[in-house]
Amino acid sequence: MDKTYQPAAIEKNWYETWENNGYFKPSGEGEPYCIMIPPPNVTGSLHMGHGFQESIMDALIRYHRMKGHNTLWQVGTDHAGIATQMVVERQLDADGISRHDLGRDKFIEKVWEWKEESGGTITRQLRRLGASPDWSTERFTMDDGFYKAVQEVFIRLYEDGLIYRGKRLVNWDPKLHTAVSDLEVLSEEEDGFLWHFRYPLTDGSGHLVVATTRPETMLGDSAVAVHPEDERYKHLIGKTITLPLVGREIPIIADDYVDMEFGTGCVKITPAHDFNDYEMGQRHDLPLINVFNDDAQINKNAPEKYQGMDRFDARKLIVEDFEALDLLEKIDDHKLKVPRGDRTGVVIEPYLTDQWYVKTQPLADEAIKAVEGGDIEFVPKQYENMYFSWMRDIQDWCISRQLWWGHRIPAWYDEDGNVYVGRSEEEVRENNNIAADVALKQDDDVLDTWFSSGLWTFGTLGWPEETELLKTFNPTNVLVTGFDIIFFWVARMIMLTLYFRKQVPFSTVYVHGLVRDSHGQKMSKSKGNVLDPIDLIDGIDLESLVAKRTGGMMVPHLRQKIEKQTRKEFPDGLAAYGTDALRYTYYSLASTGRDIKFDVGRIEGFRNFCNKIWNASRYVLMNCEVQDDEGNRVDAQDCGQNGSDDYELSVADRWIVSKLQQAEKAVAEGVESYRFDLASQALYDFIWNEYCSWYLELSKPILNSDDFSAAQKKGTRRTMVRVLETTLRLAHPLMPFITEEIWQRVKDLAGAEGDTIMTAALPICDDSKIDEQAMTDVEWLKGVIEGVRNIRGEMNISPAKSIPLFFANGSDNDQRCLNENTLFLQKLASLESATWLNAGDEAPLSATALVGEMEILVPMAGLIDVEAETARLNKEIDKIKKDVGRVEGKLNNPKFVDKAPAEVVQKEKDKLADMQSALGKLEEQIGKLAEL
RNA sequence: AGGACUAUAGCUCAGUUGGUUAGAGCGCUACCUUGACAUGGUAGAGGUCCCCAGUUCAAAUCUGGGUAGUCCUACCA
């Protein structure tokens, strides 16, 4: 074995072995356990959020697989309608071609080509993370089989009256020429203006002043509204206004939606271009006057002068024209929320179009019940509130998109505009008796991507066929996802699955936090603070990292800023930490759903942890194998691997086995409560601070000295290799590669069998293996050793220097412990001698430490300075005195003694007694020093 | 405007039903190349648990009120 752990040397090989041997497939035996991957965008690449999420899922999957469950991790990718279409359009654009030049069929061919070419990126990256999904059933939401499910759902919902077509205001992206959902619109506060226009009354008796942030929409005004109680305007209600620039006569109406306090108290109403105005238009039966075309240019419903103008050019001109007519009252600065498309960044327009909708309320009612009734549980729980608040106020879902890439809507129209829904044109003709000579045309639109991903949990398993897979793995166990797509995806999966399967899609939703950079900033390309998980695994030099972060950056000063900040934060680039260290970092930060700040310092610590495991294993192998000069095995030592029982266990052996049980329990509790931070912490602590720091150190005196018998040596070898082997299995779900690599070499020495650690049994805590006596004895041993080390450390005694040690004021138990552990003490505390003092025995002048009641004494002669020791003792005394004061205060308070439970009072009394006894001894010691 | 979450060591975070000497990792200081590991070892320093009030014998923990930050949801033309 190499002296340091080299992740790159092993990861790829093990992954290929696992995949080629089909270890990721469900075993077909045991209780089913299933996770559906949230399908990543097929054209995307792995970011830190994916890395976090996939690592969690893989830990759960590997954990349950090792527990003997019939485990399926269903994998696949999403066709991501808008995102993918945009990518391909951009590519074509570079060659000066638009998708319309190509035509729909050719364009879709291009998209498929692009998918074939780049669609494998993210799945390759998933493999680098060590993810163990069943690749043999990988699905894509545009697969033929999946399309069948999508079509079936659409048709059934239509037939059940839950899908309808209607002309409504939608969020229109003028760049993409499609409707987008509320959730795809981001509103940010921006600086703008509030223009105040004078609208003259038709009868010439004056004017009203209306304020607007979007002057161009005035071309479509169909009323002016005031509050019915507004004394200023009450008398004008029912009169009309002659709309400037347009000349249309529009009514002044009363509606209590109007806020009298805001602006002038008069509102222009444009029902075709504003959601609130649309509703008011419905109430007052106002005409809908659409003045835009698909590009958000002024259309022919407006005066000729403005026709064909871009909306923002028209805005400018309209303001100028108002000014010219002396109808511009004033312009105020105004902050407003501007809705922008999350993909394109252009301002979204409320726009009147024909769209398909899902009537959501009936579905939502059931979906709410499923969570209220506990059939679905969110972890952490507070996300249920978020879910409820959205579901209780849900709007009908617009599912049509004016795109080419996606599931085409299975609806056909005849020349009279009648609509027929069916599985194919043939079926539609047959079912509706439409003659062959009647022309039918399929709807051009495709379905919202979330419509298909909403079927993910059952569509991937063969639905609408009632397959074995479906029966076995539905409902799935847990969905692991970010809170940002609870509405987009989780809620929709719940609604659709309940409707079509009459069961929940999953019983638990584990919501994890967002991965941020080390300063808590959201990682984004434009901020230039993204970390690529693969770079953390493989490492990257500074120049490449800078190039990567600034690549595609158009704005020069941003480029410079990012370059500067990158060079400052990572002056040496990123080291190659390996997959296991990356994964462990994720786990250590995965507490209760809060956002995680990813600090590279953490991953370095876990790389070191991997190295620790590696080297501990080297040590174990050195002792359990017969090795040649290169460290290769030439033979095995007798570690009891043949089942023989001629061995003897030391107190350390019994102790580490006890500690192992506790670690197994803690890891299981952590994983099962989705507290991967606690699980990883428990494991780290056991491996580093128990097994390496103490157990392996305690093994050295046994293995290297003639004072121990062959049976004792064998007991130690047996324990050390078996505990290591078990620990590897315990750690495997979290760190798959290093555990497999080492396990392969130790398994036979530990008497274990199997081709891979992946399918070996998960270690389960066995309380009967916990040896309380061994636990307290080793604590005693540690206490003595730490006492000596403390004196050494503070008194600057070289660790190389052997010293004599005396024990005073000890109990029978102390004496027993000393007798049984002298050899350990001598080695671990580098003692020259250990001498038990009976009552009355003269002790040399010494530095002192306390282990319970017992004093341990390091003679000062030639080693320790009186002043230094006095200072050290005083420091200790001060510390204790502070606590004594506090505890005495408590005990002197009669209310405490009366009201607190007896055991709490007793505990305080014991504490005080211990401290006072310690104080007495330390002060006595100081006294002795002072006499000199 | 409404709601949620967060505030603990220099940094990143744990801290169960109120009773701990408030912990871990990283960083810091000193010493140590001892034969698994310097990606290491030993020892140490470092905390007004955001502030104020309350409940209680007892509050990092419970309640109320602030402050700061993050994020949702709804937004007024």
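Within every chain, numbering begins at 1; the chains are lettered A, B, ... in the order of the sequence lines, protein sequences first and strands thereafter.
Put simply, W688(A) has a side-chain N or O that comes within less than 4.0 Å of OP1 or OP2 on G41(B). For R872(A) and A43(B), the shortest distance from a side-chain N or O to OP1 or OP2 is not below 4.0 Å. Taking only side-chain nitrogens and oxygens, N790(A) never comes nearer than 4.0 Å to OP1 or OP2 of U42(B). Not one side-chain nitrogen or oxygen of K268(A) sits closer than 4.0 Å to the OP1 or OP2 atom of A77(B). The phosphate of C57(B) (OP1 or OP2) has a side-chain N or O of K899(A) nearer than 4.0 angstrom. Put simply, H334(A) has no side-chain N or O that comes within less than 4.0 Å of OP1 or OP2 on C76(B). Proximity of S389(A) to the phosphate of U73(B): no side-chain N or O atom is located under 4.0 Å from OP1 or OP2. Within the 4.0 Å cut-off from OP1 or OP2 of U21(B), at least one side-chain nitrogen or oxygen of K911(A) is found.
Checking R886(A) against L678(A), the closest nucleotide of RNA chain B that is more toward the 5' end is the one next to L678(A). Between N608(A) and K597(A), it is K597(A) whose nearest contact on RNA chain B lies nearer the 5' terminus.
T270(A) and D221(A) share a donor-acceptor pair across their side chains, judged by distance under 3.5 Å alone. In the model, S699(A) has a side-chain atom that pairs as donor or acceptor with a side-chain atom of Y619(A) under 3.5 Å. In summary, the side chains of E329(A) and T264(A) do not present any donor paired with an acceptor at a separation below 3.5 Å, with no hydrogens or angles considered.
Of the candidate nucleotides A36(B), G35(B), C57(B), G35(B) has the atom nearest to the side chain of N704(A). Here the side chain of K907(A) is nearest to one of A74(B), A36(B), G19(B), namely G19(B).
Across all strands shown, I880(A) has no heavy atoms under 4.0 Å from either base or sugar-phosphate atoms. Residue N893(A) is classed as a sugar-phosphate contact, given heavy-atom separations below 4.0 Å to backbone atoms only. Base engagement by K700(A) is indicated by at least one non-hydrogen atom pair under 4.0 Å involving a base atom.
Here the separation of G47(B) from G15(B), taken at their C1' atoms, is 14 Å to the nearest Å. Between the P atoms of C50(B) and A7(B), the separation comes to 8 Å (whole Å). Using atom C1' as the reference point in both U61(B) and A14(B), the two lie 14 Å apart (nearest Å). U34(B) sits 12 Å from U42(B) when the C1' atoms are compared, rounded to a whole Å. Comparing the same atom, P, in U48(B) and in G64(B) gives a spacing of 27 Å after rounding to whole Å. For the P atoms, the distance linking U39(B) with G27(B) amounts to 11 Å, nearest Å. The gap from the P atom of A53(B) to that of C75(B) amounts to 42 Å, rounded to the nearest Å. G65(B) and A1(B) have their P atoms separated by 16 Å, with the value rounded to a whole Å.
No hydrogens or angles were tested; on distance alone, nothing pairs the side chain of E786(A) with the base of A43(B) as donor and acceptor under 3.5 Å. A donor-acceptor contact under 3.5 Å is formed by the side chain of R602(A) with the base of U12(B). Judged by distance alone with a 3.5 Å cut-off, no donor-acceptor contact links the side chain of K3(A) to the base of C37(B).
Electrostatic pairing of E690(A) and K782(A) counts as a salt bridge here, judged by a charged N lying under 4.0 Å from a carboxylate O.
Side chain of D580(A) to main chain of I738(A): a donor-acceptor pair is present (N/O by atom type, distance under 3.5 Å, no hydrogens or angles).
Residues R315(A) and W195(A) have side chains in contact (heavy-atom distance under 4.5 Å, counting atoms from C-beta outward).
Ring geometry for F322(A) versus F197(A): interplanar angle under 30°, hence parallel rather than tilted (30 to 60°).
Judged by Watson-Crick or G-U wobble contacts below 3.5 Å, the nucleotide A36(B) has no partner.
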